[in-house]
Amino acid sequence: AELARAPFDEYAAKAEKVGGTLTSVGQKLLPLSTSIAGLGVAAVKTTADFDSEMSKVSAISGATGTDLDKLRGKAREMGAKTKFSASEAAQGMQYMAMAGWKTQDMMDGLEGIMNLAAASGEDLASTSDIVTDALTAFGLSAKDSSHFSDILAAASSNANTNVSMMGETFKYAAPVLGSLGYTAEDAALAIGLMANAGIKSSQAGTSLRGAITNLAKPTDTVAAAMDKYGISLTDSSGKMLSLRELMEQLRQKLGGLSEAEQAAAALFGKNAMSGMLAIINGSDKDFEKLAGAIDNCDGSSEKMANTMNDNLQGQITILMSQLQELAISFGEILMPKIRDIVTHIQNFVDKLNAMDEGQKETILRIGMFVAA
């Protein structure tokens with residue numbers, strides 16, 4: 001018996017040692033387990049928030065199935081590489097969807113708009129509104145978003161204005177300019193020249209709109225003044241001049257006159273005069289600098305966005321967006337399991353709700369007895 005007990009005692013001692021070791025390991029792993037649980041909660045919450053924003057995109061745009069998966073992937077891609085999170089990218093898509101953009105439009109336009117928002121410091125909502133509205137006015141499409149964003153970025157960084165104020169100017173002037181076939185580039189040049197003289201935002205928009213309307217549909221007085229100074233919206237063969245060519249013509253024909261003579265020319269109307277004088281009297285250096293920047297604008301918004309984020313605060317902001325993408329990648333693994341659990345709980349609650357009053361009263365009595 002003693003011989004038999006010896007191996008048993010030895011085994012018991014080893015088992016006790018192993019048990020103690022496992023207990024120790026468990027205690028050491030407990031904080032890690034808590035952290036992992038916390039990570040899971042954060043990941044699921046982040047993913048749920050993102051899913052909620054994408055559901056809004058689906059509801060507004062009508063995108064479902066493969067199309068919604070594409071948009072979801074694009075939002076996550078932009079969230080991982082810009083200062084904006086995936087959820088913010090989804091919010092940007094909502095504004096594009098409200099403008100009537102479909103899946104491919106949003107796929108084409110999102111990056112340009114997000115770069116412009118990052119470059120300008122504006123929020124995605126207002127930037128989306130500015131770009132989508134102006135593109136429509138100039139007869140452009142979503143695939144032109146990146147280039148249009150670059151135009152605004154180049155103009156705002158080379159003239160005394162910003163994207164928000166330019167957007168306000170476009171709101172008033174773009175429909176008229178677009179209807180005449182004028183380009184967004186030339187419109188940005190005009191807006192920048194006016195801004196350099198302190199004519200900005202809605203004031204610039206109403207001034208530019210009024211002046212061009214006066215020249216396009218001249219009264220007898222304006223028509224006489226146009227003939228007197230040799231001003232025309234068309235060339236000698238009747239072909240429509242571009243807005244830049246018209247501005248160059250105005251600068252050439254009226255630039256040598258005094259401001260009193262320019263005002264007396266009565267070409268633009270009283271309310272539009274100050275804005276047009278800014279274009280006519282702006283220096284050649286400013287005109288050429290701004291025109292050159294706009295003509296070579298491609299990549300401007302991305303370059304400006306990178307410059308804006310080239311600091312600790314910018315790095316931290318981008319890091320937070322990257323962390324959200326990491327959380328979503330974890331959350332997508334957990335989400336099916338969580339949704340399954342919630343479905344079971346919902347079914348259980350439905351059964352409880354379906355009970356009659358007598359059954360519910362019985363459960364309450366049992367509960368109070370157990371509590372007592």
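Predicted model only: the values in this text are computed from it and were never measured.
- Gly112 and Ser149 make their closest contact through O-OG, 3.2 Å (heavy atoms, listed as atom of the first residue, atom of the second, distance).
- Two residues are said to be in side-chain contact when any heavy atoms from C-beta on lie closer than 4.5 Å; Leu135 and Asp144 meet this criterion.
- The side-chain heavy atoms of His147 and Leu140, taken from C-beta on, include no pair separated by under 4.5 Å.
- When every heavy atom of Gly230 is checked against every heavy atom of Lys253, the shortest pair comes out as O-CE, 3.5 Å.
- In this structure, OG1 in Thr103 is found 13.0 Å from NZ in Lys74, a value given to the nearest 0.5 Å.
- How far CD of Gln252 is from CD1 of Ile231: 8.5 Å, rounded to the nearest 0.5 Å.
- Only one option out of Leu189, Leu290, Asp286, Ile294 pairs with Asn158 in a side-chain contact (heavy atoms from CB on, under 4.5 Å); it is Leu290.
- Going from atom CD of Glu168 over to atom CD1 of Ile191 covers 11.0 Å, rounded to the nearest 0.5 Å.
- Tracing side-chain contacts under 4.5 Å through hydrophobic residues (I, L, V, M, F, W, Y), one never reaches Tyr172 starting from Val131; they form parts of separate clusters.
- Taking CG of Leu116 as the start and CD of Glu111 as the end, the distance is 12.5 Å to the nearest 0.5 Å.
- Counting only heavy atoms from C-beta outward, the side chains of Thr183 and Leu243 never approach each other to under 4.5 Å.
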Practice problem: Could you give me the CA-CA distance, side-chain angles and deciding distance for Phe84 and Gln91, then say whether side chain to side chain contact (heavy atoms under 4.5 Å, CB included) is met? | Solution: CA-CA 10 Å; Phe84 298 105; Gln91 290 166 8; over 6 Å; no
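- Atom CG of Asn271 is surrounded by 12 or fewer heavy atoms from other residues, nucleotides or ligands within 6.0 Å.
- By the criterion of side-chain heavy atoms lying less than 4.5 angstrom apart, applied directly or through intervening Ile, Leu, Val, Met, Phe, Trp or Tyr residues, Leu208 is grouped together with Met247 in one hydrophobic cluster.
- Contact of the Trp101 side chain with the Ser128 side chain is not registered, since no non-hydrogen atoms from C-beta on lie closer than 4.5 Å.
- Residues Leu246 and Ile212 form a side-chain contact, since some pair of their non-hydrogen atoms from C-beta on lies under 4.5 Å apart.
- Residues Asn162 and Ser156 have side chains that never bring a donor and an acceptor to within less than 3.5 angstrom of each other.
- Side-chain N or O atoms of Thr169 include one that pairs as donor or acceptor with a backbone N or O of Ser201 at under 3.5 Å.
- Taking 4.5 Å as the limit, every side-chain heavy atom of Glu259 sits out of range of all side-chain heavy atoms of Met273.
- By the 4.5 Å heavy-atom criterion applied to side chains, Met276 and Asn214 are not counted as neighbours.
- Looking at Gln249, its side chain does come within 3.5 Å of a backbone N or O of Ser232 through a donor-acceptor pair.
- The shortest distance between side-chain heavy atoms of Lys70 and Met107 falls below 4.5 Å.
- Leu257 is connected to Leu193 through a chain of hydrophobic side-chain contacts under 4.5 Å among Ile, Leu, Val, Met, Phe, Trp and Tyr, so both are in one cluster.
- One N or O on the side chain of Gln94 and one on the backbone of Glu53 form a donor-acceptor pair closer than 3.5 Å.
- Note: Tyr229 OH to Leu254 CG = 7.0 Å, rounded to the nearest 0.5 Å.
- Under the 3.5 Å distance criterion, the side-chain polar atoms of Ser55 are matched with a main-chain donor or acceptor of Asp51.
- Under the 3.5 Å distance criterion, the side-chain polar atoms of Ser58 are left unmatched by any main-chain donor or acceptor of Met54.
- Put simply, Leu267 and Val176 are part of the same group of oily side chains (I, L, V, M, F, W, Y) that touch within less than 4.5 Å, one to the next.
- In this structure a side-chain-to-backbone donor-acceptor pair under 3.5 Å is missing from Asp227 to Ala224.
- Taking the six-membered ring for Trp and thresholds of 30 and 60 degrees, Phe170 and Phe138 have ring planes more than 60 degrees apart, a perpendicular arrangement.
- Atom-to-atom distance recorded for Ile130:CD1 and Phe148:CZ is 8.5 Å, nearest 0.5 angstrom.
- With Thr206 contributing its side chain and Gln203 its backbone, the two residues share a donor-acceptor pair below 3.5 Å.
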Exercise. Step by step, work out the side chain to side chain contact (heavy atoms under 4.5 Å, CB included) result for Asp133 and Lys171.
Key: CA-CA 8 Å; Asp133 289 349; Lys171 185 186 297 183; over 6 Å; no
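- Between the Lys200 side chain and the Asn160 main chain, a donor and an acceptor come within less than 3.5 Å of each other.
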Exercise. Would you please test Glu245 and Asp235 for side chain to side chain contact (heavy atoms under 4.5 Å, CB included) and show each step?
Key: CA-CA 10 Å; Glu245 289 170 332; Asp235 62 18; over 6 Å; no
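- Taking 4.0 Å as the cut-off between side-chain N and carboxylate O, Arg251 and Glu248 do not count as a salt-bridged pair.
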Practice problem: Check the pair Phe268, Val222 against side chain to side chain contact (heavy atoms under 4.5 Å, CB included), reporting the backbone distance first and the verdict last. | Solution: CA-CA 8 Å; Phe268 312 115; Val222 172; over 6 Å; no
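- Residues Ala155 and Thr161 approach most closely at O-CG2, 4.5 Å, considering heavy atoms.
- Of all non-hydrogen atoms in Ala137 and Pro175, the two that sit nearest each other are CB-N, 4.0 Å.
- Ion pairing of Asp108 with Lys143 is absent here, as no side-chain N (NZ or NE/NH1/NH2) approaches a carboxylate O to less than 4.0 Å.
- Under a hydrophobic-cluster definition in which Ile, Leu, Val, Met, Phe, Trp and Tyr are linked whenever side-chain heavy atoms come within less than 4.5 Å, directly or via other members, Leu241 and Met226 are assigned to different clusters.
- Heavy-atom minimum distance, Tyr182 versus Ser242: CE2-C, 3.9 Å.
- Crowding of Asp220 atom CG: a count of heavy atoms from other residues, nucleotides or ligands under 6.0 Å not exceeding 12.
- Nearest heavy-atom pair, Met194 versus Ala278, reported as atom, atom and distance to 0.1 Å: CA-CB, 3.9 Å.
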